Amino acid sequence: MKKLQYIVLLTVALLVSNCDTNDDGFYNNVFAEVPNLVAIDAHASTYTVGEKLYISADFSRYLAEGSTTLDAFETTGANQFAFSYVIEKQTSATTWDVVNVNDSQLDIVKGSAQNGSYVYGICQYNTADETYEYRVGFPLLSTGTYRLSFNYNSDTPNKVELRSLSPKKRLILNINSVITGLDSAGFYHFTVN
């Protein structure tokens, strides 16, 4: 009987030791660092009511990561990469409220976007020049002090996380990309007159 208990204990120990607690490995997530894939067009500190604040991305499927080149399309099979950002308006000395507009008010030039508590942007793959493209203008409808940040779904304030929308059973590529023009807290501040 003691021998059976040892066998059961050994079997349970082996099963528990082989459990994969790494969710990234389980879900086929891989990570890369590639700077400046997304940009704030213009970088103006002042806008006029009625203008639009444009966010754009236009990056090759061939990404330089360190000393190697990563083929994002071949690796993931993804026709799209998604990212998010938030535009907030200051309503008091310490309060910022998310600015919402209807999706129909977004000026979608390339890619696609949806607006809710954040803008969900999708870079679309262009087979002609083998790039992922996004350019969307957010309407500035009232005067005030505003800020934009990309850290809604990112762990680092000065980076945006682009995530491949890969087909099932393909790798999901998460690209962390530094954004130019953000302050140390990860915000782009501007005023609308």
Side-chain angles (χ1 to χ4, degrees), residues 23-24 29-49 51-60 63-66 70 72 78 80-101 103 105-124 131-165 172-193:
D23 287 343
D24 291 334
N29 277 302
V30 293
F31 296 86
E33 295 272 341
V34 182
N36 302 314
L37 296 183
V38 177
I40 302 165
D41 293 3
H43 283 282
S45 59
T46 305
Y47 294 86
T48 303
V49 170
E51 287 186 297
K52 294 181 175 81
L53 173 64
Y54 283 90
I55 306 299
S56 62
D58 191 344
F59 58 93
S60 173
L63 302 171
E65 187 197 16
L70 171 67
Q80 300 173 325
F81 273 83
F83 68 101
S84 60
Y85 52 98
V86 176
I87 297 178
E88 299 170 300
K89 181 178 181 180
Q90 189 171 21
T91 55
S92 74
T94 58
T95 306
W96 294 85
D97 291 335
V98 173
V99 178
N100 288 311
V101 297
D103 289 349
Q105 292 175 289
L106 297 172
D107 182 16
I108 300 173
V109 180
K110 294 179 181 178
S112 63
Q114 297 173 343
N115 186 52
S117 57
Y118 59 91
V119 178
Y120 180 69
I122 297 178
C123 304
Q124 185 66 44
T131 61
Y132 291 92
E133 301 174 338
Y134 177 87
R135 186 163 194 268
V136 172
F138 192 93
L140 304 172
L141 303 175
S142 64
T143 60
T145 302
Y146 291 82
R147 68 184 185 183
L148 176 146
S149 73
F150 293 92
N151 59 5
Y152 185 83
N153 285 327
S154 178
D155 295 332
T156 309
N158 67 341
K159 294 180 182 177
V160 60
E161 182 178 304
L162 295 115
R163 182 174 176 88
S164 68
L165 301 179
I172 297 168
L173 177 59
N174 297 280
I175 305 171
N176 290 314
S177 184
V178 172
I179 302 286
T180 303
L182 303 180
D183 67 14
S184 61
F187 293 106
Y188 167 64
H189 294 271
F190 60 97
T191 303
V192 178
N193 295 322

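Everything numeric here is computed off the predicted structure, so don't read it as measured data.
In this structure, the side chains of Leu37 and Phe81 stay at 4.5 Å or more apart for every pair of heavy atoms. Using a 4.5 Å cut-off on side-chain heavy atoms (C-beta onward), Phe150 and Leu162 make no contact. Between Leu106 and Phe138, some side-chain heavy-atom pair lies under the 4.5 Å cut-off. At a threshold of 4.5 Å between non-hydrogen side-chain atoms, the residues Tyr134 and Val38 do not count as touching. By the 4.5 Å heavy-atom criterion applied to side chains, Asn29 and Arg163 are counted as neighbours. Within the 4.5 Å cutoff, side-chain heavy atoms of His189 are placed close to those of Arg147.
Salt bridge absent: Asp58 and Arg135 never bring a charged side-chain N and a carboxylate O closer than 4.0 Å.
Here the side chain of Ser92 pairs a donor or acceptor atom with the backbone of Thr95 at under 3.5 angstrom. In terms of modelled atom types and a separation under 3.5 Å, the side chain of Ser177 and the main chain of Val34 share a donor-acceptor contact. A side-chain donor-acceptor contact under 3.5 Å links Lys89 to the backbone of Thr143.
Note: Tyr120 and Tyr118 have perpendicular aromatic rings, judged against thresholds of 30 and 60 degrees for the angle between ring planes. Aromatic ring orientation, His43 versus Tyr188: perpendicular (interplanar angle above 60°, classes split at 30° and 60°).
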Starting from the C-alpha separation in whole Å, work towards a yes-or-no answer on side chain to side chain contact (heavy atoms under 4.5 Å, CB included) for Ile175 and Leu63.
CA-CA 10 Å; Ile175 305 171; Leu63 302 171; 3.5 Å; yes

Apply side chain to side chain contact (heavy atoms under 4.5 Å, CB included) to residues Val119 and Val136 and explain how you reach the verdict.
CA-CA 10 Å; Val119 178; Val136 172; 5.5 Å; no

Apply side chain to side chain contact (heavy atoms under 4.5 Å, CB included) to the pair Asn100 and Asn115, showing each step before the final yes or no.
CA-CA 7 Å; Asn100 288 311; Asn115 186 52; 4.0 Å; yes

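The minimum heavy-atom distance linking Phe83 with Cys123 is given by the pair CE2-SG, 3.7 Å. Residues Leu53 and Ile87 come closest through the heavy atom pair CD2-CD1, 4.1 Å. Nearest heavy-atom pair across Ser164 and Ile172 is OG-CA, 3.4 Å.
Thr46 and Asn193 form no side-chain donor-acceptor contact under 3.5 Å, judged by distance and modelled atom types alone.
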